[in-house]
Amino acid sequence: QVQLVESGGGLVQAGGSLRLSCAASGRTFSSVAMGWFRQAPGKEREFVAAIRWTGTTYLADSVKARFTISRDNAKNTVYLQMNSLKPEDTAVYYCAAAAIGKVLLAQSGSYDYWGQGTQVTVSS
């Protein structure tokens with residue numbers, strides 16, 4: 001019952017920045033947690049970042065020095081600010097939402113709804 005619409009993906013040179021947005025619509029609640037995952041070619045889907053409605057954030061060690069996650073509860077929108085991008089960041093980025101309270105937000109199984117994904121390509 002929750003639909004996710006992603007935007008902001010594209011092509012950027014190494015060292016550049018991108019900001020991804022994920023807007024949730026439909027029957028959504030303030031208790032919903034939202035997160036970002038990514039999947040690179042030949043790799044498993046991995047956790048990137050998550051945020052609870054309270055503002056508590058979680059970031060993967062590989063990106064915590066460069067990425068920032070935030071949300072606007074009034075707009076039901078989550079943002080992923082990506083700075084100092086590297087070619088290794090190239091992947092399809094997926095937005096996800098948890099309709100039921102979960103503790104382990106780094107696990108994909110904690111999420112009930114997923115977006116279609118948006119391609120982020122970082123050139124050398």
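Sequence positions, counted from 1, serve as the residue numbers for this chain.
Shown here for Thr90 and Ala40, the closest heavy-atom pair between the two residues is O-CB, 3.5 Å. In plain terms, the two heavy atoms of Leu80 and Ala49 that are nearest each other are CD1-CB, 4.1 Å.
Residues satisfying the ring pair (Phe, Tyr, Trp, His ring centres under 6.0 Å) criterion with Phe37, sequence neighbours excluded, are Phe47, Tyr111, Trp114. Partners of Arg66 under the salt bridge (charged side-chain N to carboxylate O under 4.0 Å, His left out) rule, at least two apart in sequence or in another chain, are Asp89.
Cluster membership for Ile69 and Tyr113, using ILVMFWY side-chain heavy atoms within less than 4.5 angstrom, is shared. A single hydrophobic cluster is not seen to contain both Leu105 and Ile51; linkage of ILVMFWY side chains at heavy-atom distances under 4.5 Å, directly or through other members, places them apart.
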Task: Criterion side chain to side chain contact (heavy atoms under 4.5 Å, CB included) on Leu20 and Trp36, from CA distance to verdict - done: CA-CA 10 Å; Leu20 304 184; Trp36 290 95; 3.6 Å; yes

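Pairs of residues two or more places apart, or lying in two chains, never qualify as salt bridge (charged side-chain N to carboxylate O under 4.0 Å, His left out) while including a residue from residues 103-114. Within the structure, the side-chain hydrogen bond (donor to acceptor under 3.5 Å, both in side chains) test picks out the following pairs touching residues 12-22 (sequence neighbours left out): Ser17-Asn83. A disulfide (SG to SG under 2.5 Å) check over residues 55-124, counting only residues at least two apart or in different chains, returns the pairs Cys22-Cys95.
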Distance-only check: which donor-acceptor pairs under 3.5 Å involve side-chain atoms of residues 115-124, not counting sequence neighbours?
from: Gln119; atom 1: NE2; to: Ala91; atom 2: O; distance (Å): 3.4
from: Gln119; atom 1: NE2; to: Thr121; atom 2: OG1; distance (Å): 3.3

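When atom types are taken as modelled, the side chain of Arg52 and the backbone of Val103 share a donor-acceptor pair closer than 3.5 angstrom. Between the side chain of Ser62 and the main chain of Ala60, no donor-acceptor pair closer than 3.5 Å is present. A distance-only check finds a donor-acceptor pair linking the side chain of Ser110 to the backbone of Leu104 [under 3.5 Å].
With a 6.0 Å cutoff to the six-membered ring centre and a 45° limit on the axis angle, Arg71 does not count as a cation-pi contact of Tyr79.
With contacts defined as side-chain heavy-atom distances shorter than 4.5 Å, the pair Leu4/Val2 qualifies.
Distance OH/Tyr94 to CZ/Arg45: 5.0 Å, rounded to 0.5 Å.
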